[in-house]
Amino acid sequence: MIGRLPLLLVFVLAWAGSALAVPAFELGRTGLEPRDLAVVINEDDPISVKSGEYYAQRRGIPSENLVRVRFPYKDEVLSRGDFQRLKSEVDRLTPSHVQAYALAWTTPYRVDCMSITAAFTFGFDPAYCSRSKCGTTKASPYFNSPSRAPHQDLAMRPSMMLAGQTYQDVKALIDRGISADFTYPRGTGYLVNTKDKNRSVRSVYFDEIVRVLGDAIKLERVDADAIRSKRDVMFYFTGAVSVPGLSSLQFLPGAIADHLTSTGGALTSSKQMSVLRWLEAGATGSYGTAVEPCNHLAKFPHPGVVMARYAEGATLLEAYWKSVAWPGEGVFVGEPLARPFAPRVVQSTEGHADLAVFSPEWKNLPLQGANSAIGPYRPVELYPIHPGFNDVRLKFPQSGAFYRMIP
């Protein structure tokens, strides 16, 4: 069951001088910004260098957030000792304000018994590995968390791989993620229950997801081995060794898709379908396990949490990470800062501001006002919004005042 999902918005109107001619308006942010993300680049890997530098340039990530290191990159699994040396170097070079990592490579994707994204997030910790076949693992404190600053709040930096078979694959992934921002896509989320019952265990969530989120996102529960020839795919969650028909689909920018199976996160060596196939087909983010997880629900994304957190304006990295309770064996791949549902100010004048806002639920957004930037702030008005896309016009009663919107 998904609880209330707080919505914070981000925008600051610039002002000059001690007396304001127009109101100053601040909305709390909904997700990570480029300054919050460090890009880790392996200088021994030519594709890593090109991908990381291109990403930083396109996203406007500060140069001090580029963490350049060297380590073996042709092996799929990094030893525990090599990783610990690497992590110490990355920690030393990472600015203290950084909240998350983009890992600009495709291999290695695993560290001993952990996925590399989990190892960078938590540090190497065997508690995040199964102690026996099909065992449980340590839970993530970030699961369905309201935190918007995970390093500050939880002493962890969630990580996502910028991965692909070629540089052109990674470049296309980056470009898709950036083009998704503030688009409020009206695509469909497909919840596919296949005949593979061992891998379709997430179908127990599907009816509840449709009930809770169906007013905000167009959702279809499908009982079939796959969907085909759909041109509006925003979400695709299924369970299968391999997913047929991907070339017939059109994924919208920012789309998330994954298949529950054992080794989808073994990016370059899986006998099952690698999650890279989703990205090559046009998705912007995916997830798979690199170590045998068995079909524990907690080891795979909860589709409802992914979609709800994304719909409230979180980045792809935040929404995906918050959806996995036991992520120690799973690899997150995609464009970390994609935010198709994030709110924005469309225009502002002296007396009002027009907002574009997407919400997963019915709620009221409270506008607060003050005569001073430091407050005290007092309630001015409540603005009701409905599930889905909203055009909201905020009215500012007093010129020269300060306003903010914090639910």
Side-chain angles (χ1 to χ4, degrees), residues 74-78 103 105-119 128-130 132-135 137 160-161 163-166 169-170 173 190-205 222-228 233 235-249 251 255-303 306 320 323-324 326-334:
K74 294 186 178 180
D75 291 335
E76 294 158 338
V77 181
L78 199 62
L103 310 180
W105 62 79
T106 303
T107 54
Y109 52 77
R110 183 177 142 188
V111 179
D112 198 286
C113 58
M114 290 181 75
S115 73
I116 200 159
T117 52
Y128 287 100
C129 306
S130 300
S132 59
K133 185 177 180 181
C134 296
T137 69
M160 178 169 278
M161 298 184 76
Q165 292 280 58
T166 67
D169 289 339
V170 181
L173 169 66
Y190 294 95
L191 307 174
V192 180
N193 177 34
T194 72
K195 294 177 182 177
D196 187 337
K197 297 304 177 186
N198 289 330
R199 294 179 176 84
S200 289
V201 290
R202 289 187 295 181
S203 64
V204 299
Y205 298 142
V222 179
D223 294 316
D225 288 336
I227 58 171
R228 290 178 170 82
V233 183
F235 302 100
Y236 187 168
F237 300 104
T238 187
V241 171
S242 183
V243 182
L246 293 186
S247 62
S248 73
L249 304 177
F251 290 86
I256 292 174
D258 63 55
H259 60 303
L260 191 154
T261 194
S262 293
T263 57
L267 301 183
T268 57
S269 65
S270 179
K271 295 180 180 178
Q272 301 175 343
M273 188 181 100
S274 166
V275 300
L276 294 183
R277 305 292 87 79
W278 289 109
L279 306 185
E280 292 161 4
T284 305
S286 192
Y287 171 93
T289 49
V291 180
E292 174 58 62
C294 296
N295 60 354
H296 286 289
L297 286 169
K299 293 185 180 182
F300 292 89
H302 188 306
V306 180
Y320 233 160
S323 75
V324 183
W326 301 347
E329 296 162 346
V331 179
F332 295 87
V333 186

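Values reported hereafter were calculated over all heavy atoms of this structure, with side chains retained and with hydrogens, waters and symmetry mates removed.
The SG atom of Cys294 sits 9.0 Å away from atom CD of Glu329, with the distance rounded to the nearest 0.5 Å. For the atom pair OG1 of Thr289 and CG of Leu260, the computed distance is 7.5 Å after rounding to the nearest 0.5 Å. The CG atom of Asp258 sits 9.0 Å away from the OG1 atom of Thr238 when rounded to the nearest 0.5 Å. Rounded to the nearest 0.5 Å, atoms CD1 (Ile116) and OH (Tyr109) are 11.0 Å apart. Here CD of Gln165 is found 7.0 Å from OG1 of Thr106. Values are rounded to the nearest 0.5 Å. Distance check: Ser242 OG to Arg277 CZ gives 9.5 Å after rounding to the nearest 0.5 Å.
Side chains of Leu297 and Val204 form a contact here, defined as non-hydrogen atoms less than 4.5 Å apart. Side-chain contact between Val241 and His259 is absent, with no heavy atoms from C-beta onward closer than 4.5 Å. With contacts defined as side-chain heavy-atom distances shorter than 4.5 Å, the pair Leu267/Thr107 does not qualify. Residues Val306 and Ile256 meet the side-chain proximity criterion, which asks for heavy atoms closer than 4.5 Å.
Heavy-atom minimum distance, Pro327 versus Ser115: O-OG, 4.0 Å. Shown here for Phe300 and Pro293, the closest heavy-atom pair between the two residues is CZ-CG, 3.6 Å. The shortest non-hydrogen separation linking Pro303 to Arg202 is CD-CD, 4.0 Å. Contact detail for Trp326 and Tyr287: the closest heavy-atom pair is O-OH, 4.5 Å. The two residues Ala163 and Trp105 come nearest to each other via the heavy atoms CB-O, 3.6 Å. Contact between Val111 and Ala119 at its shortest, heavy atoms only, is CG2-CB, 4.0 Å.
The backbone N or O of Thr268 sits nowhere less than 3.5 Å from a side-chain atom of Ser274 that would complete a donor-acceptor pair. With His302 contributing its side chain and Val324 its backbone, the two residues share no donor-acceptor pair below 3.5 Å. At distances below 3.5 Å, not a single donor-acceptor pair connects side-chain atoms of Ser286 with backbone N or O atoms of Val333.
Residue-environment remark: NZ (Lys195) stays at or below the threshold of 12 foreign heavy atoms within 6.0 Å.
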Handout entry: Step-by-step side chain to side chain contact (heavy atoms under 4.5 Å, CB included) determination, Phe251 to Thr284
Key = CA-CA 9 Å; Phe251 290 86; Thr284 305; over 6 Å; no
Problem - From CA spacing to verdict: side chain to side chain contact (heavy atoms under 4.5 Å, CB included), Thr117, Met161 - result: CA-CA 7 Å; Thr117 52; Met161 298 184 76; 3.6 Å; yes
Practice task
Determine, step by step, whether Thr194 and Val243 satisfy the side chain to side chain contact (heavy atoms under 4.5 Å, CB included) criterion, reporting the C-alpha distance in whole Å, the side-chain angles of both residues, the deciding distance to 0.1 Å, and the verdict.
Solution key: CA-CA 10 Å; Thr194 72; Val243 182; over 6 Å; no
Exercise for the section: Take Ile227 and Leu249 through the test side chain to side chain contact (heavy atoms under 4.5 Å, CB included) and record every step on the way to the result. Expected result: CA-CA 8 Å; Ile227 58 171; Leu249 304 177; 4.1 Å; yes
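A salt bridge between Glu76 and Arg110 is absent, with no side-chain N of the basic residue lying under 4.0 Å from a carboxylate O of the acidic one.
Separation of the Tyr236 and Trp278 ring centroids falls under the 6.0 Å cut-off.
Residues Lys299 and Ser130 have side chains that bring a donor and an acceptor to within less than 3.5 angstrom of each other. For the residue pair Ser248 and Arg228, no side-chain donor N or O sits within less than 3.5 Å of a side-chain acceptor on the partner. In this model, no donor atom of one side chain and acceptor atom of the other lie less than 3.5 Å apart for Asn198 and Asn295.
Partners of Ser270 by side-chain contact (heavy atoms from CB on, under 4.5 Å), not counting sequence neighbours, listed by chain and number: Thr263, Ala266, Gln272.
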